[in-house]
Structures are given as structure tokens and as C-alpha cells.
Amino acid sequence: MNHRLLIRVTAPAVAIGLLLFATCLASIRYINRLQANLADILAENVISLQAAQELEIRVRQMRFHTMLYLLDPEPARLDPIKQDQDRFEVALTMAHRASTTDEERKYVHAIEAGYRDYKTEQARLRKAAAEGRPARPRAAKEFPQLADQHPVAQVVVPCQELLRINKEKMEQTADECQRVSHEGHLAMLVLGLAGPVGGILMGYGVARTLRHSIYRLSVRVQDVAQRLDEKVASVSVAADGDIHALDRQMQHIIEKVEEVAGRLQQQQRELTRAEQLSAMGQLAAGVAHEVRNPLTAIKMLVEAGLRARRPRPLGEEDLRIIHREVDRLERTVQGFLDFARLPSSERAPCDLRGVLEQARELVRARTREQGVELIASAPPEPVLASVDRVQFGTVLVNLFLNALDALPNGGRLEATLAEPAEDGTIRLTVTDSGAGIPPEMLDKLFRPFVTTKPHGTGLGLSISARILEEHGGSITAANRPGGGACFTVTLPAQESGVRSQESGESPSLARRAGPSSSDP
Ligand code: ADP
């Protein structure tokens, strides 16, 4: 699954998950706060309800003892009234503190005002009793009227009202608690349902995205299949978004691609074979051309000697010409054989400075003969490459001999071996101060049998190019701006840490000249 698809699939899932989590937290916080508030309200209500109940009990007792005294005004009956008053006042203080609403405060004030009147009336009765003029005893039938008219009634009524509103408040709070509890259950139910519903939606979304991707992939596969159809027949796929079908289609495509690749390989082999045949044809044509000239010369001389009329016996000059042409034929055939059957190379790590020195030794006599100055330079450190010494030596000798051919009247021949470059290649240049390569030869120098020399075979450079190619290297030719030819040979350097096969022998080139040496 690629990065974009992964984001497209997981991002909504993560977003919905986070949203659900945040909603859960918010709901739990809200319900907790609601419950905490209700608990506070409930605690307040309980205190004020208790205060109101206490007050109501005390006022009842106070009224009972007051009515008892009025029915039977015994001075001893005043004492319980005094006790009732004390308890009532304590309860009144509590009710005062517990009252939180305006309505409660209104009733508490009314109770306080009524109680003040009651206390005044009580003080008057006490004083009269103390002065020996107790109140007139009342008949039992007067009791209802007395209960209603006495100042204690002004205390009893607001006390009952206070108790009533506290009870109502308590009921309201209980209802509120029930409502919050219901809401909590509802919220939990919603959240409980939101999880599975979110999961289903998410799954649906993921399935849709995947299906879409599979569909698009199928379309692309189909496109590839259509293109393949141009190469191979009967590739059929359908873009229906089914992953198993897609798998089958991919398998089918792979088989077809393998088939196409196989065909391409076959074509490549056939092409290479055709190229080889073409090269062989060119080679054969070159050989035929090279063989025909000396054969024609020999045939003409022999025919002259065999003529029926006035035969001309072959003289010494004729035999010399025949010998030279046979020699030429032999060299051509040998060159062809060398080219056609390049012996398999025996490569081993070796210091190219040594090979360069050996090649120079081989052409030393000719350089002296022609008065050519041969300057060879190489780095002081070994220059290691995995080469066949004999074949690489052949390349160098070919280049030196060509340069000497280009310098019949003396001149300068330079061979420069450079240190391995950073890209791991070794570069060797061979330059001369001759006339340079004829421009029309530049693009066909390395083809076999291409020569400008009267007795040349045109095989030296083509054999050299093949040898270097087999060593993983190359050769290029160019004319120098100042005149003369320049051949550049490149070879892959031997990896460091490998000793050359010369068993530590330091080549005389480096030993003698450090960076360079020259002949004659
Ligand atoms: P051959 O030496 O038998 O001609 P080569 O393949 O070695 O065959 O060379 C092909 C041709 O390349 C030569 O005939 C010559 O024209 C040209 N050539 C090679 N080396 C040089 C050089 N150093 N200067 C000028 N021309 C060269």
C-alpha cells in the first residue's frame, strides 16, 4: 500500500476515533459537573429542610405549652415555655443561616417578626403573673379561637410555609437528579452506539477507498494489457474492482510480459547473429580483396610463362615479385587467422609499467634506425590492472609500429601511462609527431582490412580494439591540434590490495626514469 493510500485510508479513521474520544471526555466531564452541582444543591436543601423541620417542631411545642398556660394559668407552666423559646431561637438561627433563596428569607423574616410579637405578649403575661395578677383561665370551647388569634399563630403559619417550600425544593432537586441520571444514561447509550456506528462507517470508507484504488489499478492493468496486446494476442482483463480478479489479472500480465521478454531476447540473439554474419561477410570481402591483388599479379606472370605462343620464361625479377606477393598473401591469411581466432586471454593482475617497458624494448632497434625519440612516462607507484600481458603488449607494439610508420624521417613518439583516475580507470596515451590520421580514415580506423599502407593488412588497430574490448577497456583515435596522431587507451584499474604477478619486481621504466624515460 503506498503512502498516499495509507493516509487516505487511516486519516478518516484516526479523525473519527479522536472525535469519539473527545466527545466521550466532554460528556463525562459534563455529567460529572452536573452531578457535583446537584450534590451541592442537595446538601444545601437537606440542611435548610432539617432547619425548617426543627423550627416547625419547636414552634408546635411552644404553641402547645402556651395554649396549656392560657387554659390553666399556673405560673409553673411558664417554665417549659421559656425552654421552648430557647430551643426555638436556636432553630431560628439555624434556619436563618440555611435560607438561601429570597422566598425562604421572606418567611424567615415573617417568623422573626411574629416571634417578636409573641415574645412581647409572653413578657406581658410573665410580668402579670409575677405581680400576682395571673391571666384569666380560658374555657376549653374558646381554644380554637384563641389558637387562631394568639400571636403564636403568626409564627406557626410562616414556619409551616417555610417547611412546605423546602419540601418542594427537595422534590425539585430529586427530579433534577433523576433527569441528570437519565441524561447520563442516554449519553452513555449514544456513545456506546457511536463506537460501532463509527467503526462501521470507517470500515465502509476504507472499503470504498480500497475498492476505488483497486478499480484504478485494474484500469491501469487493463491499459498495460492493451499495450501488451499489440505484442501478444489474447490478453483480457476486466476493471471490476475485485482484488482476487486483479491478482489473477496481474498473474496473467506477468506471464505475458515474460513471453514478450523471451521474444525480445530471442530477437536480440537473432540480431547479434545477423551482426556477426554481417561482420563475417565484411571480413570475407576484405580477405577476398586482399587476396585478389597478389593472386592476379602471380597469375599474370605464370600465364606469361605458360603462353603457347612465344612463352616468356620466368626471370629472377618475376620470381621475386611472385615471392613478395606470396609473402603478402601469407601475412593476410595470418592476420585474418589472428583476428578470427583471438586466443583466449589469460588475465592476471600486473603492473602496466612493466608491459610498457617491454613494448618499448621491442621497438628500440627501429626507433634508433629511424632516428625517432621515444619518450615513455609512468607514475612512480605501480599501475595495476588485470590484463593478459601478451595481448596488452601486442596493443602497445601495434600503436608504436603505426607511429613509427608515420615517422619515416624521424620525429617524436610519446607514451604516457597515468595513475588510476577517481572513476577507477587507467589511461594510456600514445602520440606522435607524424602527419596525423587521414580525415577520411578517422571513422573506420578500427575496422578490419582498412589500411592506407601499400603493404599494410589493416588489422593492427581492429585486433587492438578487440583485445581492449575483451579487457573491459576501449581505444579512441584523434589528430592533435599541433599535428600528429593521438591514441588513447583506457582500462579498468585493479582494485587496491592486490599484488602484481611480477612478484614485487620494480619495472625498469619506473626504476630508471621515475616519471619518464626516452630513446634513443
Ligand atoms: P595497418 O597498419 O596494417 O594499416 P592498422 O589497423 O594498424 O593497419 O592501421 C590502419 C590505418 O590507420 C593505417 O593504415 C593508417 O592509415 C592509420 N594509422 C594508424 N596509426 C596511425 C598513426 N599513428 N598516424 C597516422 N595514421 C595512422
Side-chain angles (χ1 to χ4, degrees), residues 279 282-294 324-325 327-342 356 359-360 362-364 366-367 369-376 390-417 427-471 473-490 519:
Q282 279 180 15
L283 208 60
V287 171
H289 179 75
E290 288 299 307
V291 166
R292 191 185 299 132
N293 289 346
R324 197 188 66 212
E325 293 303 313
D327 198 41
R328 194 170 147 192
L329 277 174
E330 202 175 53
R331 273 191 291 124
T332 302
V333 170
Q334 187 56 49
F336 174 72
L337 288 176
D338 287 348
F339 185 82
R341 289 191 282 115
L342 199 61
L356 179 57
R360 198 178 63 160
L362 286 173
V363 296
R364 185 189 292 276
R366 240 190 99 180
T367 53
E369 216 173 88
Q370 290 180 215
V372 172
E373 188 189 7
L374 172 53
I375 303 168
V390 176
Q391 289 187 357
F392 190 64
T394 306
V395 172
L396 292 186
V397 170
N398 274 341
L399 293 176
F400 287 171
L401 290 178
N402 275 347
L404 287 169
D405 284 346
L407 298 167
N409 303 316
R412 198 178 153 88
L413 197 171
E414 268 184 70
T416 310
L417 179 63
R427 193 177 290 261
L428 183 142
T429 55
V430 177
T431 59
D432 62 62
S433 60
I437 303 158
E440 71 277 6
M441 289 289 289
L442 274 171
D443 59 342
K444 51 185 177 188
L445 270 188
F446 301 102
R447 287 190 207 156
F449 303 110
V450 174
T451 179
T452 54
K453 298 171 195 169
H455 301 293
T457 58
L459 287 169
L461 286 180
S462 55
I463 288 174
S464 300
R466 272 190 64 188
I467 290 173
L468 291 168
E469 206 175 291
E470 288 203 359
H471 280 74
S474 65
I475 180 167
T476 57
N479 280 322
R480 296 197 300 157
C486 172
F487 287 86
T488 306
V489 169
T490 54
D519 279 336

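Position 1 is the first residue of the sequence; numbering continues from there. Every value quoted in this text rests on a predicted model; they were computed, and no experiment measured them. One-based numbering, in listed order, for ligands and for the atoms of each.
Side chain of N479 to backbone of G436: no donor-acceptor contact under 3.5 angstrom is found. With hydrogens and angles disregarded, no donor-acceptor distance shorter than 3.5 Å links the side chain of E373 to the backbone of L413.
One finds a salt bridge joining R328 and E325 here, because a Lys/Arg side-chain nitrogen approaches an Asp/Glu carboxylate oxygen to under 4.0 Å. Using a 4.0 Å cut-off between a side-chain N of Lys or Arg and a carboxylate O of Asp or Glu, R412 and E414 qualify as a salt bridge.
Close approach to L445 involves these atoms of ligand 1, each under 4.0 Å from a residue heavy atom: 11 (C), 12 (O), 17 (C). Distances below 4.0 Å separate heavy atoms of A406 from the following atoms of ligand 1: 24 (N). Remark: ligand 1 atoms within the under-4.0 Å shell around heavy atoms of V450 are 10 (C), 11 (C). Contact atoms of ligand 1 toward M441: 11 (C), 16 (O) (distance under 4.0 Å to a heavy atom of the residue). Every atom of ligand 1 is numbered from 1 in the order shown, and the set under 4.0 Å from a heavy atom of G460 is 5 (P), 6 (O), 7 (O), 8 (O). Listed by number with element, the atoms of ligand 1 under 4.0 angstrom from any heavy atom of A485 are 22 (C), 23 (N), 24 (N). Numbered from 1 in the order shown, with element, the atoms of ligand 1 that lie under 4.0 Å from a heavy atom of I437 read 25 (C), 26 (N).
For the pair F446 and ligand 1, no heavy-atom separation below 4.0 Å is found. Within the 4.0 Å heavy-atom shell around ligand 1 one does not find G434.
A heavy-atom distance below 4.5 Å is not found between the side chains of Q370 and V363. Contact of the F487 side chain with the T476 side chain is not registered, since no non-hydrogen atoms from C-beta on lie closer than 4.5 Å. Residues T394 and S464 have side chains not in contact (no heavy-atom distance under 4.5 Å, counting atoms from C-beta outward). No side-chain heavy atom of L396 sits less than 4.5 Å from a side-chain heavy atom of L362. Taking 4.5 Å as the limit, every side-chain heavy atom of T429 sits out of range of all side-chain heavy atoms of V489. Contact annotation: the side chain of N398 never approaches that of V395 to less than 4.5 Å [non-hydrogen atoms, C-beta and beyond].
Contacts between D405 and ligand 1 below 4.0 angstrom, taking non-hydrogen atoms only, are absent altogether. With a 4.0 Å heavy-atom cut-off, ligand 1 is reached by the backbone of L459 but not by any atom from C-beta on.
Nearest protein neighbour of atom 2 (O) of ligand 1, counting heavy atoms only, is K453 NZ, 2.7 Å. Protein heavy atom at the shortest distance from atom 23 (N) of ligand 1 is D432 OD2, 2.9 Å. When hydrogens are left out, the protein atom nearest atom 15 (C) of ligand 1 is T452 OG1, 3.5 Å; that is the closest non-hydrogen contact. Considering only non-hydrogen protein atoms, atom 19 (C) of ligand 1 sits nearest to N402 ND2, 3.4 Å. Nearest non-hydrogen protein atom to atom 4 (O) of ligand 1 is T451 OG1, 2.6 Å.
Closest non-hydrogen pair, F446 versus L461, comes out as CD2-O, 3.7 Å.
Annotation: L461 places an N or O atom under 3.5 Å from an N or O atom of ligand 1; distance criterion only.
For atom 8 (O) of ligand 1, the nearest non-hydrogen atom from the set G458, A403, P454 comes from G458. Of the candidates G456, G436, C486, S462, it is G436 that places a heavy atom closest to atom 25 (C) of ligand 1.
The neighbour count for R427 CZ, taken as heavy atoms of other residues, nucleotides or ligands under 6.0 Å away, does not exceed 12.
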